[in-house]
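Working notes for the structure below.
Everything numeric here is computed off the predicted structure, so don't read it as measured data.
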Amino acid sequence: MNAPSVAAQAPERAAPTVETRQPPRTLDERLTAVSDLMTERLKEAAAAVDVNTAFRVPDVEPVDLADVVRVPAAVQPYRPPVDLYPTPVAAVLQRARARLERDGWCQGATVDEDGARCLYGALRAEAASTAELHDALAVLLETIRRHFPGEDTVPSFNDSHGPRVVFRVLDQAADLAHARNL
C-alpha cells in the first residue's frame with residue numbers, strides 16, 4: 001500500500017507560502033496601522049471586561065427598609081427606677097444598679113472618661129450619706145464573699161469579673177439588704 005502524500009494528509013501545511021516583501025511604508029501609514037490595531041485590541045479588552053463582570057440581577061421586589069429595620073420612634077428621657085425596696089440600703093443598691101445600666105459600667109477606674117462607673121463609684125454617687133454608703137458596701141461585700149470567697153474588696157471584685165456577674169451580685173445584695181430591713 002502506498003501511503004498518501006504529505007500534501008493529501010494536511011493540505012494547510014503542504015507548502016509554505018512565501019511572502020513578498022513590500023516596500024517600507026511611510027511613518028504616517030505605520031502610525032495609522034498601529035492605531036487601528038490598538039483600537040481593535042481595546043475593543044476586545046472592553047468586551048472581555050463586560051463579559052467577566054456581568055451579572056444577572058434576580059427578579060425580586062425591592063425591600064422596604066421600614067419593614068426590616070426597627071428603631072425607637074423617639075429617644076425616651078431618663079426616668080429614675082421605681083424603688084421596689086422601701087429600706088434605704090436596698091434602695092441605694094437598686095439605684096446604683098440603675099445608674100450602671102444608664103451610664104455604663106467600667107473596670108479599673110471609679111469613673112471613666114465616658115462617665116461609666118464601677119460598683120464603688122455607682123454606690124458613692126447614689127448614697128445620701130457616708131453611713132449609707134458604708135452599710136451598702138458592707139452588704140455588697142458580704143454578698144460577694146458568699147459566692148467568691150477569695151475576694152477581698154468591692155473594687156477587686158469589680159475589676160476581676162464581667163458585667164453580668166457584677167449586676168447579679170448587686171441584685172442579690174439588694175435582696176439581702178431588704179431581707180435584713182437595712
Can a donor-acceptor pair be found, under 3.5 Å and without considering hydrogens, that links the side chain of Asn158 to the backbone of Cys106? yes
Do any N or O atoms from the side chain of Arg117 and from the backbone of Asp103 form a donor-acceptor pair under 3.5 angstrom? no
Thr153: which residues meet the side chain to side chain donor-acceptor pair (under 3.5 Å) condition with it, sequence neighbours left out?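 Listed in chain order: Ser156.
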Distance, nearest 0.5 Å, that separates [atom1] of [X] from [atom2] of [Y]:
X	Y	atom1	atom2	answer
Glu29	Leu27	CD	CG	10.0 Å
Asp28	Arg30	CG	CZ	9.5 Å
His161	Arg168	NE2	CZ	9.5 Å
Asp114	Asp112	CG	CG	5.0 Å

How about Asn181: does its CG atom have over 12 heavy atoms from other parts shown lying under 6.0 Å from it?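 For Asn181, atom CG is not crowded (no more than 12 foreign heavy atoms under 6.0 Å).
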May I ask you to decide whether Glu142 forms a salt bridge with Arg180, counting only side-chain N to carboxylate O separations under 4.0 Å?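 Here Glu142 pairs with Arg180 in a salt bridge, since their nearest N and O are under 4.0 Å apart.
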NZ/NE/NH1/NH2 to OD/OE distance under 4.0 Å, Arg99 and Glu126: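 Between Glu126 and Arg99 there is a salt bridge, with a charged N closer than 4.0 Å to a carboxylate O.
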Taking transitive links into account, so neighbours of neighbours count too, which hydrophobic residues share a cluster with Phe157 at under 4.5 Å side-chain distance? Val89, Val92, Leu93, Leu100, Trp105, Leu119, Tyr120, Leu123, Leu133, Leu137, Val139, Leu140, Leu141, Ile144, Phe148, Val154, Val165, Val166, Phe167, Val169, Leu170, Leu176, Leu182
Closest approach of Cys118 and Ala109, non-hydrogen atoms and distance? CB-O, 3.4 Å
Exercise: identify the closest heavy-atom pair between Ala96 and Ala122: O-CB, 3.8 Å
Looking just at side-chain N and O atoms, do His178 and Gln94 make a donor-acceptor pair shorter than 3.5 Å? no
